[in-house]
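Before any comments, here is the structure.
Being a predicted model, the structure only gives us computed values, none of them experimental.
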Amino acid sequence: MGADIFMSIFKSGKGLDWLLLALGIVLIASSISVFYEPNGVVVGGFSGIGIIIEKLIKIPVSVSNVILNIPLFIIAIKILGIRYTFKSFVCSVILSAALEMTKVLLPVFKGDLMLVAIYGAMLDGIGVGFIIKSMSSTGGVDLLATIVNKKMPYFSISSVIFISNAVIIAMGFFVFGAERALYSAVSAFISGKFVDIILNGFSFSKAAFIISDKSDEISNEIFACLSRGVTALNGRGMFTGNKKTVLLCVASGREIAKLKEIVRIFDKNAFVIVTDVKEVMGEGFGDLIKDK
C-alpha cells in the first residue's frame, strides 16, 4: 500500500520535484559549509549575509538564515499568499538544518581561492537549478525580489536579485577584503552559468536566418542533409523595395557549420544571420512541457 502511494506520487511528478528540491538544498548547503563560509567567500543571498554575520558576531549561518527569512515570510504571506509562501518557508528551514548537518559530515576545504570559487559555484549553481526546476525557492533574495516586483512591477525580478547580490558582495568586501570580494564575483558568475545549464541543458541551439535568391534549393538541401525543418518568412528590402524570402532554421550547435556550408554551395552571395537561442521545444528538440 505504501509503495503504491509512493509510486503514484512519482508518476504525478510531485515526487521528482521533492527529490530535486532535497538534492538542491543539500548541494547548496555543501557549497556554503565546505567552500564559502570557511574561506570568507560571499556570493550573495541571505547565506552570504549569514557568512558576514558569523564573521562579525559568531552567529551560525544556519541560525541567521532563519532569522533573516522570518520577517520576509510574514510580508510574503500578506502580499503573495500563504500557499505560495509555505513551500519556500519549509525549504528555508530544511536548508538551515542541512547547513548544520554538512558542517558535521563533510570536510572543510581551505586553500586556493580560485578552487573555492569554482567548486563552490558548481555545487551552488546546480543546487539552485534543481530548486528552480522543482518550482520552489529557499526564500532569501529570490523571495525578496518577487515581493518587490509584485508591489513595484517596474522593477524586474532579475534586476532586484542582481542589485541585492551586488550589495551583499560589496558588504563582503569591507569584511573579508578586496581579494575575496573579487573571487566572490567570479563565483557568482560561474554559479549563474551552472543554473542556466541545469535549466536549459547542454544542447545549446542556433537559429539561422538566410536571405537568398536560391531559397528553395537551400531549404530542400537542409531538410535532406540535416533533417531540419525550414520556415519561409516574407520579407522586403527597405532600400530596394524588392520582396525577399527569409528562411528560418533552428539547428544544434554542431549542425550549424554544415548548414552554412550548404548555403555557401548554393549561393555565395547569401546573407546569413546566426544567433544563439536560449530554449527550443518541439519536434526534433525538447518536449513542450506545460508550466505547473
Side-chain angles (χ1 to χ4, degrees), residues 14 17-33 35-37 41-54 59-103 120-121 123-153 155-169 171-172 184 187-188 191-192 194-195 198-199 292:
K14 298 296 183 182
D17 283 350
W18 283 104
L19 180 63
L20 286 174
L21 191 58
L23 184 55
I25 289 172
V26 170
L27 290 173
I28 292 173
S30 300
S31 71
I32 296 168
S33 298
F35 295 104
Y36 291 152
E37 187 272 327
V41 175
V42 179
V43 293
F46 278 16
S47 59
I49 299 176
I51 292 171
I52 295 171
I53 292 173
E54 185 166 14
I59 295 177
V61 178
S62 58
V63 176
S64 62
N65 180 64
V66 174
I67 294 173
L68 291 168
N69 269 302
I70 286 174
L72 198 61
F73 283 125
I74 293 172
I75 297 170
I77 289 173
K78 295 180 180 179
I79 296 176
L80 304 174
I82 190 168
R83 181 175 296 180
Y84 181 91
T85 308
F86 178 73
K87 192 175 182 181
S88 294
F89 172 75
V90 172
C91 293
S92 177
V93 173
I94 296 173
L95 175 60
S96 291
L99 285 167
E100 289 299 316
M101 290 177 60
T102 50
K103 273 188 176 181
L123 294 178
D124 182 59
I126 294 171
V128 171
F130 283 165
I131 289 174
I132 294 174
K133 267 187 146 338
S134 69
M135 304 298 288
S136 186
S137 77
T138 55
V141 168
D142 294 350
L143 187 60
L144 173 64
T146 305
I147 293 171
V148 172
N149 176 257
K150 184 74 173 179
K151 298 298 290 183
M152 295 176 284
F155 286 113
S156 68
I157 291 176
S158 60
S159 64
V160 175
I161 291 174
F162 176 80
I163 294 169
S164 300
N165 285 338
V167 170
I168 294 167
I169 291 174
M171 292 166 59
S184 298
S187 193
S191 177
F194 272 91
V195 172
I198 293 300
L199 296 180
K292 297 182 181 181

| task | Output the distance between atom CG (L144) and atom CG (L72), rounded to the nearest 0.5 Å. | result | 5.5 Å
| request: Start with the C-alpha distance between D142 and T146, add both sets of side-chain angles, then the distance that settles side-chain contact (heavy atoms from CB on, under 4.5 Å), and finish with yes or no. | output: CA-CA 6 Å; D142 294 350; T146 305; 5.5 Å; no
| field | Nearest heavy-atom neighbours spanning S47 and I32 | value | CB-CD1, 3.4 Å
| query | Just by modelled atom types, is the S30 backbone N or O under 3.5 Å from a matching donor or acceptor in the S33 side chain? | reply | no
| query | Where do G44 and I169 come nearest, in terms of heavy atoms and distance? | reply | N-CG1, 4.2 Å
| query | Within a reach of under 6.0 Å around CE of M171, are more than 12 heavy atoms found that belong to other residues, nucleotides or ligands? | reply | yes
| Heavy-atom distance under 4.5 Å between the side chains of I28 and I131, does that happen here? | yes
| Under 3.5 Å donor-acceptor, N165 side chain and V43 backbone | no
| message | Counting C-beta onward and ignoring hydrogens, is there a side-chain heavy-atom pair between P60 and E100 closer than 4.5 Å? | response | yes
| note | Rounded to the nearest 0.5 Å, the CG atom of D124 sits from the OG atom of S31 at a distance of 4.5 Å
| Does some side-chain heavy atom of V90 sit less than 4.5 Å from a side-chain heavy atom of I94? | yes
| field | side-chain contact (heavy atoms from CB on, under 4.5 Å) evaluation trace for F89 with I77 | value | CA-CA 10 Å; F89 172 75; I77 289 173; over 6 Å; no
| request: Measure the spacing between CG of N65 and CD1 of I59 and express it to the nearest 0.5 Å. | output: 12.5 Å
| Which pair of non-hydrogen atoms, one from L21 and one from C91, has the smallest distance, and what is that distance? | CD2-SG, 3.4 Å
| said: As an exercise, state the distance from CG of L99 to CD1 of I25, rounded to the nearest 0.5 Å. | reply: 10.0 Å
| query | Checking side-chain hydrogen bond (donor to acceptor under 3.5 Å, both in side chains) against N69, which of S92, S96, S88, S64 comes through? | reply | S92
| CD1 of I51 to CD1 of I168: how many Å apart, nearest 0.5 Å? | 10.5 Å
| field | 4.5 Å side-chain heavy-atom contact, V160 and N149 | value | no
| task | Go through the steps for F73 and L143 under the test side-chain contact (heavy atoms from CB on, under 4.5 Å), then give the verdict. | result | CA-CA 8 Å; F73 283 125; L143 187 60; 3.4 Å; yes
| query | If you take all heavy atoms of E54 and V61, which pair is closest and at what distance? | reply | OE1-CG2, 3.1 Å
| Would you say T85's side chain and G81's backbone share a donor-acceptor pair under 3.5 angstrom? | yes
| note | Looking only at heavy atoms, the pair that brings V141 and S164 closest together is CG1-CB, 3.8 Å
| field | Gap separating the CZ atom of F46 from the CD1 atom of I53, nearest 0.5 angstrom | value | 9.5 Å
| request: Can you see which heavy atom on I198 is nearest to which on G129, and at what distance? | output: CG2-C, 3.6 Å
| query | Hey, is CD1 on I79 packed in by over 12 heavy atoms from elsewhere, all under 6.0 Å? | reply | yes
| Audit row: S187, F35, side-chain contact (heavy atoms from CB on, under 4.5 Å) steps and yes/no | CA-CA 11 Å; S187 193; F35 295 104; over 6 Å; no
